[in-house]
Amino acid sequence: ANGARVPVLVVGTGYGGSVAALRLAQAGVDVHMVEMGMTWDTPGSDGKIFSGMRSPDYRAYWLRTRTKQPLSNFLGFPIDKDVPKYTGILDAEDFGGILVYQGRGVGGGSLVNGGMAVTPKRSRFSAILPSVNADEMYNVYYPRANSGLGVNEIDRAWFDTTDCYQYARVGRKHAQRSGFEFVYVPNVYDFNYMKQEAAGAVPKSALNAEILYGNNYGKKSLQKTYLAQAKATGRVAISAQHRVTSVSPASGGGYTVAIEQIDTTGNVVATKTVTAARVFFAAGSVGTSKLLVKLKATGALPNLNGEIGKGWGDNGNVMVGRANHLWDPTGSLQSGMPTGGIDNWDAGGAFAEVAPLPTGIETYASFYLSITNTPHRAEFSWNGSAGRVDLNWQTAWKQSSIDMAKSIFDKINSKEGTIYRTDLFGTYKIWGDHLTYHPLGGAVLNKATDNYGRLHGHPGLYAIDGSLIPGNTSVNPFVTITALAERNIEKIIATDL
Ligand code: FAD
């Protein structure tokens with residue numbers, strides 16, 4: 001409520017924020033979480049909470065009047081369409097040089113993502129977070145994160161026979177025939193539920209192409225894991241459709257947090273202030289960076305250091321499709337949850353997930369999202385005249401990621417005698433190089449913060465989300481974001497409270 005005093009305020013309800021809230025509450029601290037997106041607990045007129053992927057509706061996009069689908073075209077035809085402006089679940093945030101996809105709502109990115117729960121190879125960890133003790137991460141915090149998130153693995157015998165992973169088996173065959181390592185990827189989607197979907201025993205979500213715009217049944221989003229546990233402590237309150245706009249030192253100690261309450265069209269319906277002894281920034285890499293860069297530049301938090309806004313990367317994301325021969329169909333039924341990848345990181349700098357193209361018809365296409373070892377890092381800066389935060393990412397920087405992805409797909413194409421699809425991202429455009437799903441960095445650990453996420457210059461302020469990670473994790477990022485948050489909050493509870 002307006003004017004309240006709270007011990008801890010958490011900005012955002014994604015992975016970092018949910019871990020912080022649960023562990024603080026378990027330590028006996030009352031926590032108030034502020035989330036600008038919706039609660040996503042009420043079905044629409046179709047009886048479902050979330051929109052499907054093949055027909056995105058008003059629930060699909062964050063304050064846009066036209067969809068902005070990652071695959072803009074199919075068979076040469078543009079597929080975007082008008083939708084009513086609404087605080088929908090997926091934000092396609094346009095920074096000029098790059099489109100950054102992010103989840104909006106209670107649960108953050110866990111609402112929209114593919115659920116791929118990947119722990120990076122230990123040999124690569126020091127390149128991801130050089131100041132963090134890898135023994136502790138692999139012995140304690142990665143296992144804790146995997147258990148808290150409810151990560152599970154697919155039954156290999158089922159994988160080998162079910163129709164819905166025909167596309168992944170084609171991906172495996174092509175990878176292995178070219179001498180690449182194919183790895184099975186764990187997921188937070190309940191694979192037992194998926195089996196029941198395939199058997200026709202339960203309502204379908206993965207097998208109904210539910211990805212990107214929310215998942216109605218089988219996915220263990222944060223709402224079902226960390227946030228459910230946090231609420232059960234009785235110490236965690238969540239205010240949805242509330243956006244934090246400012247944090248500044250309060251005269252009597254602690255911080256004054258300015259908050260706007262918004263309606264479903266994004267209009268501000270009330271402004272509030274809360275005083276918090278401690279504030280955890282968990283608004284995601286982009287959300288946390290935008291807040292901190294603005295607050296430093298406008299003098300609200302003048303003592304933040306010069307690393308704020310720096311070290312931002314796209315996890316090297318690029319997408320591509322390959323056109324298969326008629327004897328290699330990928331199936332008209334495709335599970336929306338990917339469960340395999342091609343690892344050519346050490347030799348070629350790319351890890352490619354074999355992704356679904358769940359159109360509902362046979363496409364003879366193999367589709368991939370690659371994570372690559374991009375050298376490029378961008379920086380956020382305050383644009384005072386426009387009153388917004390800019391990001392200086394250059395579209396041309398994706399070329400190095402494309403080259404790394406080609407280390408896999410050029411070889412597969414030549415072995416199989418196949419070619420790239422040119423109809424998915426425009427007309428005669430091969431690479432999906434305009435976007436990222438994996439924004440990372442902007443308040444990098446041990447640079448903008450100390451080695452546990454305490455922001456330099458303002459005691460009692462913390463960053464605890466993807467903003468801490470310097471631009472790349474070599475695999476999909478949320479397990480690493482969760483494990484790092486588990487590590488940092490344990491230290492903070494032990495020493496700061
Ligand atoms: P987020 O999860 O982004 O949470 C931040 C929250 O803060 C959001 O809910 C946001 O609305 C809120 N917020 C922002 N600003 C404010 C503000 N000013 N006031 C109040 N609230 C605010 N990763 C994987 O590991 N595996 C995958 O399979 C995978 N697939 C993906 C698919 C898609 C389509 C997308 C978009 C992402 C995917 N990711 C995947 C990435 C993963 O979801 C993110 O890395 C992760 O969610 C980031 O966690 P976070 O805690 O940093 O922040």
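Note that ligands are numbered from 1 as they come in the structure, with each ligand's atoms numbered from 1 the same way. Bear in mind the structure is a predicted one, so any value in this text is a computation, not a measurement.
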Nearest non-hydrogen contact with atom 35 (C) of ligand 1 belongs to which option: F281, Y437, Y189, Y213?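 When every heavy atom of F281, Y437, Y189, Y213 is considered, Y437 comes closest to atom 35 (C) of ligand 1.
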Heavy-atom proximity to atom 53 (O) of ligand 1, best of G284, S18, G16: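 Heavy atom nearest to atom 53 (O) of ligand 1 belongs to G284.
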With a 4.5 Å limit on heavy-atom distance, are the side chains of [X] and [Y] in contact?
X: I493; Y: R23; result: yes
X: V19; Y: F280; result: no
X: R59; Y: I89; result: no
X: Y217; Y: E197; result: no

Taking distance alone, with N or O pairs closer than 3.5 Å, would you say [X] contacts ligand 1?
X: M116; value: yes
X: G17; value: no
X: N113; value: yes
X: G107; value: no
X: V112; value: no
X: V479; value: no
X: L90; value: no
X: Y15; value: yes
X: V244; value: yes
X: A117; value: no

Run the numbers for me: atoms of ligand 1, each under 4.0 Å from some heavy atom of [X], listed by number.
X: V34; value: 20 (C), 21 (N)
X: G466; value: 52 (O)
X: G108; value: 2 (O), 4 (O), 8 (C), 9 (O)
X: R104; value: 8 (C), 10 (C), 11 (O)
X: G105; value: 9 (O)
X: A282; value: 5 (C), 6 (C), 7 (O)
X: G109; value: 1 (P), 2 (O), 43 (O), 47 (O)
X: Y101; value: 36 (C)

Exam field: side chain T449 to backbone H456, donor-acceptor pair closer than 3.5 Å: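 The answer is no, because no donor-acceptor pair under 3.5 Å joins these two groups.
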Is the distance between the ring centroids of W40 and F50 under 6.0 Å?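 Yes - the distance between ring centres of F50 and W40 falls below the 6.0 Å cut-off.
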Any chance the rings of Y61 and Y86 have centres within less than 6.0 Å?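 No, ring centres 6.0 Å or more apart.
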What residue and heavy atom of the protein are closest to [atom], and at what distance?
atom: atom 21 (N) of ligand 1; result: M36 N, 3.2 Å
atom: atom 15 (N) of ligand 1; result: A283 CB, 3.4 Å
atom: atom 9 (O) of ligand 1; result: E35 OE1, 2.7 Å
atom: atom 24 (C) of ligand 1; result: F478 CD2, 3.0 Å

Output yes when [X] and [Y] qualify as a salt bridge under the 4.0 Å nitrogen-oxygen rule, no when they do not.
X: E93; Y: R104; answer: yes
X: R66; Y: D80; answer: no
X: K121; Y: D343; answer: yes

Under a 3.5 Å threshold, yes or no: a donor from one side chain and an acceptor from the other, between Y193 and S205?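 The answer is no; no qualifying pair exists.
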If only side-chain N and O atoms count, and only distance matters, is there a donor-acceptor pair under 3.5 Å linking E490 with Y141?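 A pair is found: one side chain offers a donor N or O, the other an acceptor, under 3.5 Å apart.
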Six-ring centre of Y452, K491 cation under 6.0 angstrom, axis tolerance 45°: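 Flagged: K491 positioned over aromatic ring of Y452.
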Is it true that the NZ or CZ of R278 lies under 6.0 Å from the centre of Y462's six-membered ring and within 45 degrees of the ring axis?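 That pair does not qualify as a cation-pi contact.
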For the residue pair P56 and Y213, what are the closest heavy atoms and their distance?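 Between these two residues, the closest heavy atoms are CB-CE1, 3.7 Å.
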Closest non-hydrogen atom pair between Y165 and S335, with its separation: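 Between these two residues, the closest heavy atoms are OH-OG, 3.1 Å.
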For ligand 1, does [X] get within less than 4.0 Å through its side chain, its backbone, both, or neither, judged by non-hydrogen atoms?
X: V118; value: neither
X: L440; value: neither
X: H242; value: backbone
X: P338; value: neither

Please confirm whether E353 approaches ligand 1 to less than 4.0 Å, judged on its heavy atoms.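 No, that is not the case, since the closest heavy atom of the residue is not under 4.0 Å from the ligand.
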Step-by-step salt bridge (Lys or Arg N to Asp or Glu O under 4.0 Å) determination, K398 to D314: CA-CA 9 Å; K398 287 279 194 184; D314 67 340; 2.6 Å; yes
Sub-4.0 Å protein heavy atom near atom 44 (C) of ligand 1: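 No, there is none.
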